[in-house]
Amino acid sequence: MTNRIDLKQDEMPDHWYNILPDLPEQLPPPRDDTGRAIEVLKSVFPKRVLEHEFSAERNIKMPDDVRELYFQVGRPTPVIRAKRFENYFNAPIEIYMKMEGYTFAGSHKINSALAQAYYSKMEGVDLITTETGAGQWGIAVAMASSLNNLKAKIFMAGASYYQKTYRVTMMKMLGGDVNPSPSKLTRIGQELMKDEKNKDGSLGIAISEAVEYALEHNGRYNVGSVVNADILYKTIAGLEARKQLEINGIEPNYIIGVVGGGSNYSGLAFPFYKDYKNAKYIAAGSFEVPKMTKGEYKYDYPDTGKILPLVKMYSIGYDFIPPPIYAGGLRYHGVAPSLSLLMKDGIVQPRDYDQETVFRYAELYTRMEGYIPAPETAHALPIISEIAEIAKREHKKKIVLMSFSGHGLLDLGSYSSMYS
Ligand SMILES: *Cc1c(COP(=O)(O)O)cnc(C)c1O
């Protein structure tokens, strides 16, 4: 077998996988303390997306138009065996990377952006709105909006807007109307701006603004992580990976990845969960935003402006203002409710790693494999070192599947801090 496993276009799955019917217990429903939040959801989510959010159906058929768009942006993505990286550990271990950085949008986020933009267009509106932290989701939405003939209003966490100028340019070039958040464009933005601590913005603030803007301008809000429907659309990565490994008779012992809001990891891992009960599931986050290891499992707001319904999840608090770490995609304060439930039950184990450790692994990986991972993606690499130790101790081969969530070509500014 070669080190690269591809799928042909006609082998790409034609449905998404919904984990809700297979969870060990029922997902705690969203809670609406104001009596308005559920109404807000109904007005800003496309109907189909809202239906998928609460669906009890396991397999949900993908529209042909979305399938076609997946092909256009670079799906199916390959699984690459990281052989040189394996050799570095000098342990009986095989590492398979599901390469979501191979699409032009640069990360797994396009998988959901295309579906949500498509369902928004089906409602007959011409505007979608969204939030973005470091900008990867904004890029995916800008691209998806243009491919679906829609306008996109994007609220980007202020600090990132001024730091990640290449990402801003990419969004603009793709047709996105991107604004630093908090902004004067919404009432919530004006309100939150008054408090000095909010000046750099956060994903939580940008979400509130995007939702309010959609409400006021008859747009549809497209959500970048956390919710069931978003994870559903991102399972295309896990469904492909499962097929790619099964065709070659490879059974993973570990399924790993990183967690911002949780959709990247869930998108890879959920399609394995029901049938791969013996695999170990490990998800890593950032030590600087330790919602998984230090957060509490509780009802909390997904957004700082408290417009959306409360959901039960691991959270370090909706008003947490994250430090300006480089892995901007990992700064969110909560973890997707479905993934949180699996963590509470001990099925998915959390890890947190500090930036310095992660950057060391990112550099090592780049030199071994000739490919620069996004700083977010690189947070999962230290898990492999842990697995290698176990493999050595047990003298037993361990097979690892990792979600390689994105490339780091627009993160060179961050990585340059290692060489100054
Ligand atoms: C956004 C992002 C993540 C985190 O994804 P979530 O779905 O929010 O968990 C991980 N890696 C990359 C490259 C990203 O862009």
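Just so it is clear, the model here is predicted, and its values are computed rather than measured. Start at 1 and go down the list; that is how both ligands and their atoms are numbered.
Protein residues lining ligand 1, listed by chain and number: S107, H108, K109, Q136, S225, V258, V259, G260, G261, G262, S263, N264, G329, A374, E376, T377, S405, G406 [non-hydrogen atoms, distance under 4.0 Å].
For F85 and F89, the ring centers sit closer than 6.0 Å to each other.
Every residue two or more places apart in sequence or in another chain that forms a side-chain hydrogen bond (donor to acceptor under 3.5 Å, both in side chains) with H52 is listed here: Y233. Taking the side-chain contact (heavy atoms from CB on, under 4.5 Å) definition, one finds that S340 meets it with Y297, M313, Y314, V335, sequence neighbours left out. Under the rule for a side-chain hydrogen bond (donor to acceptor under 3.5 Å, both in side chains), the partners of R58 that lie at least two apart in sequence or sit in another chain are D22.
Classification of R367 and E363 as a salt-bridged pair holds, one side-chain N sitting under 4.0 Å from a carboxylate O.
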Take E100 and T77 through the test side chain to side chain donor-acceptor pair (under 3.5 Å) and record every step on the way to the result. CA-CA 6 Å; E100 289 303 297; T77 57; 2.8 Å; yes
